[in-house]
Asker: 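Provided herewith is a single structure, encoded as structure tokens, for subsequent inquiry.
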Amino acid sequence: MKNLLTLFASLCMVFLFGCASPNTGTEAGHAGVFEGKPRINAPHVVGNYPSTPFLFYIPTSGLRPVTWSAENLPDGLALNPETGIISGSVKKAGVYAVKLTAKNPLGSTAQNLTISIGNDLALTPPMGWNSWNTFGQHLTEALIIETADAMIANGMRDLGYTYINIDDFWQLVDRGEDGRMQINREKFPNGIKHVADYLHARGFKLGIYSDAAERTCGGVCGSYGYEDIDALDFAAWGVDYLKYDYCGAPQKREVAIERYSAMGKALRKTDRSIVYSICEWGINQPWLWAKGVGGHCWRTTWDIRDRWMSPTYTNETNGVLNIIGINGDLDQYAGPGGWNDPDMLIVGISGKSQSINHGDVKEGCSDEQYRSHMSMWAMMAAPLLCGNDVRNMSAVTLETLTNPEIIAINQDALGKQGQRKINTEALEVWVKELSDGSKAIACLNKTGNPVDLRLGKGGIISIGTNAEIRDVWTHRNLGKIQSLDVHLSPYECKVYTVK
């Protein structure tokens, strides 16, 4: 009787939360986020500083309820078997191999997790959500909490979307009499720590925003000259990620290095492991110096807009293709602990942005273009920070954002940014090495006309002899083949894994 009640409860959970997921294909074992046996998703490696709070939710697909267990956790960490959250603090630096197990009414699965306690964070590209691209200055405490709840209900948390980031306009224009930043209490009546506590209790991490000048891009309080005090406040509030902008600061490399270094040192002196996102837009080639000043990811381009392509590359017009063109040449600078950042995802915004950056873009992109955008960010080992309204999105948008195989390519522990092997007016072909010795291949049609190509024998790029090919978007094994003819519809990007 007890087992029947458990199964009934699980089916209820699927009805309430799982049926919204469009990932219902079953070929080659693929199932929706809340369907089937447990599947522990990436990331499978995580970094943290010694003696700082550790928090990791085990991202797990499958029928609910799920319970978790862990073997060989380092001293100082504990797993809540009902929530899947590992927390605590580890004093001793080292690399710890942990075995995770997830169970549900249909079975169990095991997966190794590497916990690295040392000087590195962001061992895979950060994943999560950011308020800016859709909401701009219209962010509130309620929005952040509702976003977290939605990402649990729609399965995004179980695909590895960890950070929920508050962007510009959370603060007032001026500092208080005590010299500290002032929270806008109309937007965040209970303060930032209240939001952080809410997120942490559900396995999420909190991001916040500031600027390396007196004022942010939106004209409210920045952190220049107050780096130490602001970093301590961020840490006291429970912040896990800082996006640090560069509006209002001198456009000189030596000044940028000095100002970003000041905040990097301030963050490192706190008692938290805070991922440091350097938002300098690529003006002073931050890929050459950002990691040295404490950065874990660095913007390589101007801001992205909700469009496929612009005829010109400027700070107000960039589309997906413009940014791929810049970021695609920087693969040698990315790797575990430091990532090229071609800006946030625009998947699903569809011209509905309230942001001052995107409000003039009414057309947005097509679903096919958004899927290609997601594919290429995965191939470029870019941070995957979506910016759409996750509380209200189409089934196609959710499917694009929650494809576990695309996410696994992005989150691969080897940490290689893909390389662009073919680049013509109509076509790009990229190859990304993966940790198991296989590789991912992406074929991108940049145009509104169909494109045909061949991979492998007699084709434009080698795939090896009798390679096992899998189509990542259709979740189909194509078998052991020597060549593959690829038809790309307008703006389509097909992605394959090759073993």
Side-chain angles (χ1 to χ4, degrees), residues 33 41-43 45-48 55-60 84-85 121-135 139 141 143-168 170 192 195-209 234 237-244 272-279 295-299 304 339-349 355 373-374 377-378 380-391 393 397-398 400-404 406-408 410-411:
V33 176
N41 298 306
V45 57
V46 60
N48 213 69
L55 180 71
F56 180 76
Y57 171 74
I58 304 169
T60 307
I85 297 173
L121 308 178
L123 297 181
T124 61
M127 287 183 63
W129 177 90
N130 180 285
S131 63
W132 182 253
N133 279 350
T134 290
F135 298 97
L139 76 163
E141 178 181 303
L143 170 65
I144 304 305
I145 289 174
E146 289 168 10
T147 294
D149 292 345
M151 291 171 71
I152 293 172
N154 65 27
M156 292 181 70
R157 182 185 63 163
D158 287 294
L159 271 302
Y161 288 91
T162 298
Y163 293 94
I164 296 182
N165 295 349
I166 298 168
D167 211 287
D168 204 357
W170 62 267
I192 302 299
V195 176
D197 290 346
Y198 188 92
L199 297 184
H200 293 160
R202 290 152 182 81
F204 291 108
K205 297 182 179 181
L206 174 68
I208 207 164
Y209 169 96
F234 298 156
W237 296 340
V239 167
D240 306 289
Y241 184 110
L242 173 65
K243 175 183 174 182
Y244 204 45
R272 292 193 68 80
S273 294
I274 300 177
V275 170
Y276 187 24
S277 173
I278 290 177
C279 186
H296 301 104
C297 49
W298 40 86
R299 283 281 301 281
I304 194 170
W339 308 98
N340 293 320
D341 180 3
D343 205 5
M344 299 171 286
L345 294 170
I346 55 168
V347 175
I349 294 177
S355 166
H373 167 39
M374 179 74 176
W377 263 235
M380 293 191 296
L384 298 181
L385 296 173
C386 63
N388 60 309
D389 187 349
V390 299
R391 304 168 303 172
M393 55 179 160
T397 295
L398 181 59
T400 297
L401 291 172
T402 58
N403 182 329
I406 283 289
I407 291 171
N410 175 266
Q411 293 289 296

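Computed from a predicted model, the values in this text were never measured in an experiment. We're numbering straight along the sequence, starting at 1. Basis for what follows: all heavy atoms, side chains included, without hydrogens, waters or symmetry-related copies.
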Asker: So does A122 get a backbone contact from the side chain of W339, meaning a donor-acceptor N/O pair under 3.5 Å?
Answerer: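 Yes: the side chain of W339 pairs with the backbone of A122.
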Asker: Examine distances only and state if a side-chain atom of W129 and a backbone atom of N388 form a donor-acceptor pair shorter than 3.5 Å.
Answerer: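 Yes; judged by distance alone, with no hydrogens or angles, the pair exists.
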Asker: Could you please spell out the steps behind the side-chain contact (heavy atoms from CB on, under 4.5 Å) verdict for M151 and L159?
Answerer: CA-CA 10 Å; M151 291 171 71; L159 271 302; over 6 Å; no
Asker: Is there a donor-acceptor pair closer than 3.5 Å between any side-chain N or O of D158 and the backbone N or O of T60?
Answerer: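 Side chain of D158 to backbone of T60, a donor-acceptor pair under 3.5 Å: yes, one is there.
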Asker: Heavy atoms, side chains only, cut-off 4.5 Å: are Y241 and L385 in contact?
Answerer: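 Yes, side chains in contact.
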Asker: Tell me if a side-chain donor or acceptor on Y198 pairs with a main-chain N or O of A148 at a distance below 3.5 Å.
Answerer: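 Here the side-chain-to-backbone pair does not exist.
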Asker: Drop me the distance from C279's SG to M344's CE, to the nearest 0.5 angstrom.
Answerer: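 Answer rounded to 0.5 Å: 7.5 Å.
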Asker: Determine whether a donor-acceptor pair (N or O, by modelled atom type, separation under 3.5 Å) exists between the side chain of R157 and the backbone of Y57.
Answerer: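 Side chain of R157 to backbone of Y57: no pair is present.
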Asker: Using 0.5 Å steps for rounding, measure from the NZ atom of K205 to the OG1 atom of T162.
Answerer: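 With rounding to 0.5 Å, NZ (K205) is 6.5 Å from OG1 (T162).
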Asker: Please report the C-alpha distance between M156 and V390 in whole Å, then the side-chain angles of each, then the deciding distance to 0.1 Å, and finally whether the side-chain contact (heavy atoms from CB on, under 4.5 Å) criterion is met.
Answerer: CA-CA 9 Å; M156 292 181 70; V390 299; 3.8 Å; yes
Asker: Which heavy atom of P383 sits nearest a heavy atom of P342, and at what distance?
Answerer: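 Taking every non-hydrogen atom into account, CD-CD, 4.4 Å.
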Asker: Is the backbone N or O of I166 less than 3.5 Å from a side-chain atom of S131, with the two atoms forming a donor-acceptor pair by type?
Answerer: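 Pair absent, no side-chain N/O of S131 close to backbone of I166.
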Asker: Would you confirm whether D168, through its side chain, and W132, through its main-chain N or O, come within 3.5 Å as a donor-acceptor pair?
Answerer: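 Flag not set: sc D168 to bb W132 has no pair under 3.5 Å.
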Asker: side-chain contact (heavy atoms from CB on, under 4.5 Å), that's the test. Do Y209 and N130 meet it? Break it down for me.
Answerer: CA-CA 10 Å; Y209 169 96; N130 180 285; over 6 Å; no
Asker: When you measure from the side chain of H200 to the backbone N and O of L55, does any donor-acceptor pair fall under 3.5 Å?
Answerer: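 Not confirmed, H200 side chain does not pair with L55 backbone.
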Asker: Under a 4.5 Å cut-off applied to non-hydrogen side-chain atoms, are N133 and I304 in contact?
Answerer: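 Yes; the side chains approach each other to less than 4.5 Å.
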Asker: Find out whether I407 and M374 are in side-chain contact, i.e. whether some heavy atom of one side chain is under 4.5 Å from a heavy atom of the other.
Answerer: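 When only atoms from C-beta onward are counted, M374 and I407 do touch, with a gap below 4.5 Å.
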Asker: Please test M393 against L401 for side-chain contact (heavy atoms from CB on, under 4.5 Å), starting from the C-alpha separation and ending with a verdict.
Answerer: CA-CA 11 Å; M393 55 179 160; L401 291 172; 4.1 Å; yes
Asker: Would you say that I208 contacts I192 through its side chain, given a criterion of any heavy-atom pair below 4.5 Å between the two side chains?
Answerer: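 Yes. Closest side-chain heavy atoms under 4.5 Å.
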Asker: Side-chain contact test, heavy atoms from C-beta onward, threshold under 4.5 Å: evaluate it for N165 versus K243 and give yes or no.
Answerer: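 A side-chain contact under 4.5 Å is absent here.
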Asker: For L206 and A196, work out which heavy atoms get closest and say how close.
Answerer: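 Looking at all heavy atoms of both residues, the shortest contact is CD2-CB, 3.6 Å.
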Asker: Any non-hydrogen side-chain atom of M380 less than 4.5 Å from a side-chain atom of N340?
Answerer: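 No, every pair of side-chain atoms sits at 4.5 Å or beyond.
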Asker: For P43 and F56, work out which heavy atoms get closest and say how close.
Answerer: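 Closest heavy-atom pair between P43 and F56: O-CZ, 3.8 Å.
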Asker: Identify the heavy atoms of C386 and L345 that sit nearest to each other, and give their distance.
Answerer: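 The pair with the smallest heavy-atom distance is CA-CB, 3.8 Å.
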Asker: Counting only N and O atoms by type, is there a donor-acceptor contact under 3.5 Å from the side chain of N410 to the main-chain atoms of A382?
Answerer: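 Judged by distance alone, yes, a pair lies under 3.5 Å.
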